[in-house]
2 protein chains.
Amino acid sequence: MTDSAEGLDEIDRTLVRELVADGRATLAELAAVTGLSVSAVQSRVRRLESRGVVAGYSARVDPEAFGHMLSAFVAITPLDPSQPDDAPARLEHIAEIEACFSVAGEESYILFVRVESPRALEGLLQQIRTAANVRTRSTIILNTFYSDRVHLP
Amino acid sequence: MTDSAEGLDEIDRTLVRELVADGRATLAELAAVTGLSVSAVQSRVRRLESRGVVAGYSARVDPEAFGHMLSAFVAITPLDPSQPDDAPARLEHIAEIEACFSVAGEESYILFVRVESPRALEGLLQQIRTAANVRTRSTIILNTFYSDRVHLP
DNA sequence: AATGAAATTCAAGGGAT
DNA sequence: ATCCCTTGAATTTCATT
């Protein structure tokens with residue numbers, strides 16, 4: 001694997017910061033911010049993309065605009081340690097699960113989920129427990145102060 | 001507040017799904033996927049944006065390309081309940097903190113952090129404890145099976 | 001949904017460090 | 001070698017109809 005972050009200069013960091021803030025920023029806008037020409041910016045952005053520093057572009061969706069008003073962390077623990085532990089695969093089809101991590105803590109996995117309501121969370125937890133044969137411990141999110149911030153080297 | 005998700009038809013969902021997968025998809029590409037004309041797609045995308053369903057666009061950055069190989073959840077609890085609790089504000093300047101939620105659980109807040117190494121995490125935790133006068137409980141992430149999935153109604 | 005004008009992206013060639 | 005700039009052509013976006 002190539003050391004992709006090596007040789008990231010201040011201009012590259014500016015470009016990445018700008019593209020995180022606005023993934024559809026035009027090359028002309030990026031040129032204005034950095035003081036470079038459009039084509040210089042273009043080749044730098046392409047280099048960032050091919051190095052994998054910029055892995056892609058995505059629309060930011062507001063979950064509350066869909067009525068998904070409740071989000072929570074759900075920590076899960078397999079109930080039967082003798083069974084093969086394939087919880088992530090068994091849960092992948094559940095759309096309400098936005099993220100799935102395995103962790104080194106008291107529990108085995110942490111899920112990040114979004115639902116409409118407390119009632120919907122109850123249903124989701126039952127679905128999770130039966131799909132993966134796990135115990136769940138939920139932590140409701142009250143307020144998101146900030147999220148998805150990026151910090152560059 | 002307007003019920004922004006109301007009247008999202010199958011075509012809108014396709015557009016959103018496509019834009020989440022590729023935030024720089026052109027109107028022509030979106031037109032091909034949906035079977036609509038370019039200008040019909042243009043007005044639909046604009047409507048999704050002005051409704052706030054699509055809140056913006058962003059570059060996806062790969063933290064590991066920067067050498068940020070370790071991520072963790074850090075749950076924090078204020079040590080002095082008599083002091084005003086402004087932990088999120090006191091922690092906002094710390095770049096390694098990618099997200100900050102207040103939660104209804106045993107602890108008050110959960111942070112999502114990224115660092116280079118276990119050593120760097122040690123330093124970050126000390127910084128968090130002194131900046132916000134809190135106790136910390138960390139859960140190291142071993143593997144990210146999936147994240148940032150979006151589920152549409 | 002189609003059209004034409006403006007803006008943007010792209011590839012090629014040349015010059016400076 | 002690498003980085004940057006200019007130019008002209010192809011593509012994309014945008015406003016009007």
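As a basis for the values below, the full set of heavy atoms in this structure was taken, side chains included, without hydrogen atoms, waters or symmetry mates. Residue numbering restarts at 1 for every chain, and letters A, B, ... go by the order of the sequence lines.
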Study note, to complete from the structure: Of A:I128, A:T77, A:L91, the one forming a side chain to side chain contact (heavy atoms under 4.5 Å, CB included) with A:V134 is A:I128
Check your understanding: How many Å lie between CG on A:L30 and P on D:dC4, as a whole number?
Key -> 14 Å
**Study point:** Smallest separation among heavy atoms of A:R13 and A:L8, with atom names
**Key:** NH1-O, 3.1 Å
**Study point:** Salt bridge present between A:R46 and A:E49 (N-O < 4.0 angstrom)
**Key:** no
Practice item. Measure across A:A25 and A:L30 and return the closest heavy-atom pair with its distance rounded to 0.1 Å. Key: CB-CD2, 4.0 Å
Check your understanding: What class does the angle between the rings of B:F112 and B:F73 fall in, given that below 30° is parallel, 30 to 60° is tilted and above 60° is perpendicular?
Key -> perpendicular
Check your understanding: Would A:R149 and B:E98 count as a salt bridge (charged side-chain N to carboxylate O under 4.0 Å, His left out) if you check the C-alpha gap in whole Å, the side-chain angles of each, and the deciding distance to 0.1 Å?
Key -> CA-CA 5 Å; A:R149 306 202 310 181; B:E98 206 172 90; over 6 Å; no
Exercise for review: Enter the inter-axis angle for the ends of the helix from C:dA1-D:dT17 to C:dT17-D:dA1 (five pairs per end, rounded to 10°).
Suggested key: 20°
Point to revise | Atom pair distance, as rounded to whole Å: CG in A:L36 and C1' in D:dC5 | key: 10 Å
Review point. Are B:L111 and B:F101 side-chain neighbours, meaning at least one heavy-atom pair lies under 4.5 Å?
Key: no
Study note, to complete from the structure: Closest non-hydrogen contact found for A:S147 with B:A99 is CA-CB, 3.6 Å
Point to revise | Base versus backbone protein contacts along nucleotides 4-17 of chain C [heavy-atom cut-off under 4.0 Å; B, S, -] | key: ----SSBS------
